[in-house]
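Structure record follows, encoded as structure tokens.
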Amino acid sequence: MGGAALGLLIALAPLTPTPARADSGDDLVEACAPVTAVPEAGPRACKSIEAGTWLAAQSCRRVDGLREPLCPTLDGRPVHESAMAAFEASWLARALALQSRLDRDVPLAQALLPHTHNSANSTAYSPSVSTLDANQVLSLTDQLRLGIRAIEIDVHWTPNPSGDPSNGLRAVVQCHGEPVATPAGTLHAGCSTDTPLVDLLEEVRAWLDRPANAEEVLLLYLENALDDDPVAHDTAVAAIEKTLDGLVAQPTADEDEDCQPLPVNRSKQQLLDAGTRVLITGNCGPGGWDDWVFDRYPSWDESGGSTFHCRTERNLIDFETTLVRRYEDSTWLSAMVGAGSHRDAETMTEMVRCGVNLVGFDQLHPGDDRLPSLVWSWRTDEPAVDAVGECAALGADARFFADDCAVPRRVACRTANGDWAVTSDAVAWAAGDDACRLAGHVGAAVPVNGWDNSGLREAADLAEVSEVWLAYGQ
């Protein structure tokens with residue numbers, strides 16, 4: 001098939017299992033399961049118990065020396081550095097890194113960008129009113145270390161200890177708050193001593209500047225609660241310029257279009273080729289905001305909720321041209337008003353297989369049993385650490401595995417209309433591309449996302465073949 005086999009693609013690290021979930025106060029929440037059928041008392045009571053265990057663990061983690069092993073026994077979430085390091089040395093981290101290269105050349109609307117909801121509303125940061133009911137437990141850095149490539153920061157213009165006296169001590173901060181109109185002006189309910197936007201962006205820049213992350217691309221979603229205030233927007237722009245200047249793909253100057261839509265037809269590779277690795281999206285705003293931030297719409301679709309039905313969703317939305325975001329909301333307040341949601345590993349798996357772009361996590365941590373759901377490509381523990389010189393095939397389980405390149409197999413081919421076909425002849429991996437072309441197809445190929453992979457498996461099933469070679473490494 002031309003090019004090299006797997007050996008040129010894999011930077012192999014020692015395999016270490018993902019941290020196991022500890023027996024903990026989190027078991028109290030699981031014990032609630034039988035009573036959650038009670039429409040009101042059950043779910044709300046269980047959520048209150050869960051929030052209590054999270055708050056206890058949050059307090060524990062703020063005391064040096066207690067973080068490990070005591071704090072995970074309170075809420076079941078190992079978030080200490082040894083757990084992070086174990087994840088980074090695991091098969092899961094390797095599989096996600098390899099998989100992320102498969103969609104580098106396709107439009108963003110067809111790429112997987114693992115995502116966290118209200119990413120900076122995290123107990124990893126200084127205590128505030130909003131972090132008492134946090135969506136996350138990790139810092140942005142640690143979320144990125146777990147493979148997250150789309151982060152959300154709610155930005156508010158509100159009094160803050162870091163604020164400028166000339167602006168009434170207001171600053172642009174992250175806050176999971178709510179703007180409320182009052183006779184004295186807008187009050188951002190829930191905002192207090194929250195982290196300034198500039199500090200969070202400096203953290204993101206530090207991660208991007210690590211040599212190992214030189215080819216990583218991030219989507220940054222700034223949910224705009226800046227009151228349409230030009231000074232607030234200029235302050236936010238100053239934070240972006242100070243921290244991310246040189247890395248941001250900016251909207252082009254266009255006198256007829258002040259607020260430009262998010263370019264979901266652009267690929268990660270195109271961004272890299274232009275020397276840019278950050279794409280910022282959000283709502284439109286005054287001043288220089290629109291020189292840095294793309295409007296999410298019209299090519300954006302988002303929703304929460306706990307359920308997901310692939311065929312229904314794809315019948316309603318053009319997944320090929322739309323960036324599809326599906327998030328969950330784990331906060332206690334949302335649960336109390338009936339708006340909370342949780343997506344389990346099975347639901348996450350279905351979303352990834354369906355081609356959802358922004359698969360959104362709340363309460364992400366390195367022992368999260370949903371993280372493996374992001375892998376639609378490789379089988380568990382594949383490719384092996386000694387797979388150098390082997391080639392990739394698709395198995396009957398619709399997962400990739402590595403094998404001797406000389407073994408004859410039929411080949412996965414991309415057709416002229418972008419569909420899948422399988423050769424009638426079995427050949428060695430190196431002859432796969434020629435075999436596809438001789439059969440009248442564009443050439444040998446490899447799936448680029450979960451939906452594409454499902455289509456290949458269906459084509460192979462129709463051809464009554466269990467395993468096919470993939471053009472992995474062209």
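Bear in mind the structure is a predicted one, so any value in this text is a computation, not a measurement.
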| query | Hey, is the main chain of E152 close enough, under 3.5 Å, to the side chain of S119 for a donor-acceptor pair? | reply | yes

| R205 and E202 ion-paired at < 4.0 Å | no

| remark: Output for pair (S100 OG, E216 CD), nearest 0.5 Å, gives 5.5 Å

| message | Does the structure place the NZ or CZ of R94 under 6.0 Å from the centre of the six-membered ring of W378, at an angle of no more than 45° from the ring's axis? | response | no

| said: For the CH2 atom on W332, are there more than 12 heavy atoms of other groups (residues, nucleotides or ligands in this structure) within a distance under 6.0 Å? | reply: no

| said: Could you walk me through whether D329 and S334 satisfy the side-chain hydrogen bond (donor to acceptor under 3.5 Å, both in side chains) test, starting with their C-alpha distance in whole Å, then the side-chain angles of each, then the deciding distance to 0.1 Å, before giving a yes or no? | reply: CA-CA 7 Å; D329 191 344; S334 292; 2.8 Å; yes

| note | dist N135:CG -> D362:CG (nearest 0.5 Å) comes out at 4.5 Å

| request: Could you tell me whether a side-chain N or O of T243 sits under 3.5 Å from a main-chain N or O of V198, the two making a donor and an acceptor? | output: no

| Checking H365 side chain against G367 main chain: does a donor-acceptor pair fall under 3.5 Å? | yes

| Should the heavy atoms of other residues, nucleotides or ligands under 6.0 Å from CD of E346 be counted, would the total exceed 12? | no

| message | Under 3.5 Å, is there a donor on one side chain and an acceptor on the other for S303 and R326? | response | yes

| Under 3.5 Å: donor-acceptor pair, side chain of R457, backbone of G395 | yes

| said: I want to check a possible cation-pi pair here: R353 against W376, using under 6.0 Å from ring centre and within 45° of the ring axis as the test. | reply: no

| task | Determine whether D295 and W300 make a side-chain contact, defined as any pair of heavy atoms from C-beta on separated by less than 4.5 Å. | result | no

| Side chains of L358 and L219 in contact at under 4.5 Å (non-hydrogen atoms) | yes

| note | Given the options Q136, Q174, H176, N118 meets side-chain hydrogen bond (donor to acceptor under 3.5 Å, both in side chains) only with H176

| Any donor-acceptor N/O pair, S139 side chain to D142 backbone, under 3.5 Å | yes

| message | Measuring from atom OG1 of T321 to atom CG of D301, what distance do you get when rounded to the nearest 0.5 angstrom? | response | 10.5 Å

| message | So, taking the atom named CG in L374 and the one named CG in L112, what distance separates them when rounded to the nearest 0.5 Å? | response | 6.0 Å

